[in-house]
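All ligand and atom numbering here is 1-based and tracks the order in the structure.
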Amino acid sequence: TRSTRPQRLLGAVQKNATRGDPCSVIQAIDHFCRNKEWAMNVGDEKGCILDAVVSEVNPATVLELGTYCGYSTVRIARLLPPDAKLITLEFNPDFAAIARQVIAWAGLEEKVQLVEGASGDWIPRMKEQFGVKTFDLVFLDHWKDRYLPDTKLMEECGILRKGSVLLADNVICPGTPDYLEFVRNSPRYESQYFKSHLEYTKVEDGLEKSVFLG
Ligand SMILES: CCCNc1ncnc2c1ncn2[C@@H]1O[C@H](/C=C/CNC(=O)c2cc(-c3ccc(F)cc3)cc(O)c2O)[C@H](C)[C@H]1O
Ligand SMILES: [Mg+2]
């Protein structure tokens, strides 16, 4: 049967990237998505903003919602200090399987814990399951209508601390209007918009960085 796009993306990584070299994995995926088949990775332009925020926060604990093929997982994990931990949630087993192989090709398995399951089920269990009390950085890139409910859940479960940074992809395209309205108007967040473009296109999109004030 015909392969899937994530399988072809993995093939491009295995063909064109060097094992253990995260930058070559990132470049191979960006080249594939720009020249062969578009895919919904955060991409190189928004990826540079993501890199800057990760470097600024220098997090010991990171939570990613929506692994997909693992592109942003590799972008984030490659910048983390040795004993830092990135937990990424992906509820589609086929995407999780692809992402595991992309992360392994980049040689970043030690820094990444890919959890197969839904954010709603796992956010409440972060403490007991992984011994993580709070997250220094959360990258939201899953279903756009889940950003707000999951943010409220993270608050309720106490996994955000004063200063935790939420970074949300696609706040313009496809758009997350309810989330944006919430973080921009809530007194408990200090929000900032980073204007950019939808991955591999000229369409406007951007990232919203929101600091939880406790
Ligand atoms: C209830 C479960 C919630 N909890 C969950 N828990 C765990 N994993 C979850 C949960 N909800 C979803 N996931 C996983 O995350 C991934 C989902 C990612 C979704 N991303 C987009 O939809 C998007 C679209 C465009 C776009 C823009 C323009 C276009 F024309 C077309 C497309 C661009 C972009 O950058 C985009 O990130 C993955 C596919 C899916 O299995
Ligand atoms: Mg996205």
Side-chain angles (χ1 to χ4, degrees), residues 3-10 26 29-30 32-34 36-51 53-54 62-76 86-103 112-126 129-130 132 135 137-157 159 166-180 183 193-210:
S3 65
T4 65
R5 180 167 303 187
Q7 283 170 331
R8 293 192 293 275
L9 180 150
L10 173 61
I26 292 164
I29 295 172
D30 285 331
F32 176 79
C33 293
R34 196 177 287 283
K36 300 274 188 342
E37 301 186 60
W38 187 93
M40 58 184 179
N41 315 120
V42 73
D44 45 0
E45 191 180 319
K46 288 185 289 179
C48 285
I49 300 167
L50 171 61
D51 290 356
V53 172
V54 174
V62 183
L63 176 61
E64 176 178 60
L65 304 180
T67 315
Y68 188 42
C69 296
Y71 174 89
S72 50
T73 318
V74 167
R75 278 206 87 109
I76 296 167
L86 192 168
I87 296 175
T88 183
L89 304 183
E90 175 52 62
F91 74 176
N92 179 307
D94 300 327
F95 298 147
I98 298 291
R100 284 190 204 288
Q101 295 174 80
V102 168
I103 293 158
V112 177
Q113 173 128 32
L114 195 161
V115 178
E116 225 171 288
S119 51
D121 299 333
W122 283 97
I123 285 169
R125 300 166 61 191
M126 281 297 150
Q129 288 294 325
F130 307 107
V132 175
F135 286 96
L137 174 67
V138 181
F139 182 56
L140 298 93
D141 196 20
H142 57 332
W143 295 150
K144 309 313 160 192
D145 62 356
R146 303 297 303 178
Y147 285 25
L148 183 52
D150 282 349
T151 297
K152 290 179 172 172
L153 183 60
M154 287 189 282
E155 282 188 31
E156 284 152 25
C157 295
I159 64 171
L166 304 186
L167 188 64
D169 189 25
N170 311 117
V171 296
I172 303 300
C173 178
T176 64
D178 60 344
Y179 173 80
L180 220 39
V183 289
Y193 174 60
F194 292 84
K195 184 174 182 334
S196 184
H197 295 94
L198 176 69
E199 48 267 28
Y200 318 115
T201 77
K202 292 185 170 38
V203 173
E204 181 179 344
D205 189 21
L207 302 173
E208 187 82 1
K209 176 190 167 195
S210 306

Original post:
Hey, is atom 29 (C) of ligand 1 under 4.0 Å from any protein heavy atom?
Top reply: no

Original post:
Should one rank P174, G43, G175, P149 by closest heavy-atom distance to atom 24 (C) of ligand 1, which comes out on top?
Top reply: P174

Subject >> Short side-chain to backbone donor-acceptor contact, W38 and E199, under 3.5 Å >> reply: yes

**OP:** Using atom types as modelled and distance alone, determine if a side-chain donor or acceptor of R75 lies under 3.5 Å from a backbone N or O of I26.
**Re:** no

Original post:
Which residue supplies the protein heavy atom nearest to atom 7 (C) of ligand 1, what is that atom called, and how far is it?
Top reply: G117 O, 3.4 Å

Original post:
Can you name the closest pair of heavy atoms from A99 and Y68 and give their distance?
Top reply: CB-O, 3.4 Å

Original post:
Atom CG in L140, atom OG1 in T176: separation rounded to 0.5 Å?
Top reply: 9.0 Å

Original post:
Would you call Y193 and L180 a side-chain contact if the rule is heavy atoms closer than 4.5 Å?
Top reply: no

Original post:
Touching ligand 1 at all, G120? Heavy atoms, strictly under 4.0 Å?
Top reply: no

**OP:** Check for a donor-acceptor pair, side chain of E155 on one end and backbone N or O of T151 on the other, with a separation under 3.5 Å.
**Re:** no

Subject >> Atoms in ligand 1 flagged as close to E199, the criterion being non-hydrogen separation under 4.0 Å >> reply: 33 (C), 34 (C), 35 (O)

Original post:
Which residue supplies the protein heavy atom nearest to atom 11 (N) of ligand 1, what is that atom called, and how far is it?
Top reply: W143 CD1, 3.2 Å

Original post:
So does E116 pair up with R100, basic N to acidic O under 4.0 Å?
Top reply: yes

Subject >> Those atoms of ligand 1 less than 4.0 Å from some heavy atom in F95 >> reply: 39 (C), 41 (O)

**OP:** Give a yes or no answer on whether the side chain of E208 reaches the backbone of V171 with a donor-acceptor pair at less than 3.5 Å.
**Re:** no

**OP:** Below 4.0 angstrom from a heavy atom of R146, which ligand 1 atoms are there? Numbered from 1 as shown, please.
**Re:** 1 (C), 3 (C)

Original post:
Are K144 and D141 ion-paired here, with the side-chain N under 4.0 Å from a carboxylate O?
Top reply: yes

Original post:
Vertex the Mg ion (ligand 2): angle to OD2 of D169 and OD1 of N170, to 10°?
Top reply: 80°

**OP:** Of all the heavy-atom pairs spanning I172 and G206, show the shortest one and how long it is.
**Re:** CG1-N, 4.1 Å

Subject >> Among D51, D205, N41, the one residue meeting side-chain hydrogen bond (donor to acceptor under 3.5 Å, both in side chains) with K46 >> reply: D205

**OP:** Give the residue and atom name of whichever protein heavy atom lies nearest to atom 31 (C) of ligand 1, and the separation in Å to one decimal.
**Re:** W38 CH2, 4.2 Å

Subject >> Protein residue, atom and distance nearest to atom 15 (O) of ligand 1, heavy-atom basis >> reply: G66 CA, 3.3 Å

**OP:** Quick one: look up the protein heavy atom nearest atom 36 (C) of ligand 1 and list residue, atom name and how far away it is.
**Re:** N170 OD1, 3.2 Å

Subject >> Shortest protein heavy-atom distance from atom 18 (C) of ligand 1, along with the residue and atom involved >> reply: D141 O, 3.3 Å

Original post:
Of all N/O/S atoms in D141, which lies nearest to the Mg ion (ligand 2)?
Top reply: OD1

**OP:** Could you check atom 40 (C) of ligand 1 against the protein and tell me its nearest heavy-atom contact, residue, atom and distance included?
**Re:** E90 OE2, 3.4 Å

Original post:
Has ligand 1 got any nitrogen or oxygen that is less than 3.5 angstrom from a nitrogen or oxygen of T67?
Top reply: no

Subject >> Heavy-atom donor-acceptor pair, Y147 side chain to D169 backbone, under 3.5 Å >> reply: yes

**OP:** Find all atoms of ligand 1 within a distance of less than 4.0 Å from any non-hydrogen atom belonging to N92, and give their numbers and elements.
**Re:** 41 (O)

Subject >> Closest protein heavy atom (residue, atom, distance) for atom 4 (N) of ligand 1 >> reply: S119 OG, 2.8 Å

Original post:
Considering only heavy atoms of L198, which atoms of ligand 1 have at least one such atom less than 4.0 Å away?
Top reply: 27 (C), 28 (C), 33 (C)

Original post:
Does V42 offer a backbone N or O that forms a donor-acceptor pair with the side chain of Y71 under 3.5 Å?
Top reply: no

Subject >> Winner among H142, M40, E64 once heavy atoms are compared against atom 23 (C) of ligand 1 >> reply: M40

Original post:
Going by distance only, is there an N or O of F91 that falls short of 3.5 Å from an N or O of ligand 1?
Top reply: yes

Original post:
What are the atoms of ligand 1, with element, lying closer than 4.0 Å to any heavy atom of D169?
Top reply: 35 (O)

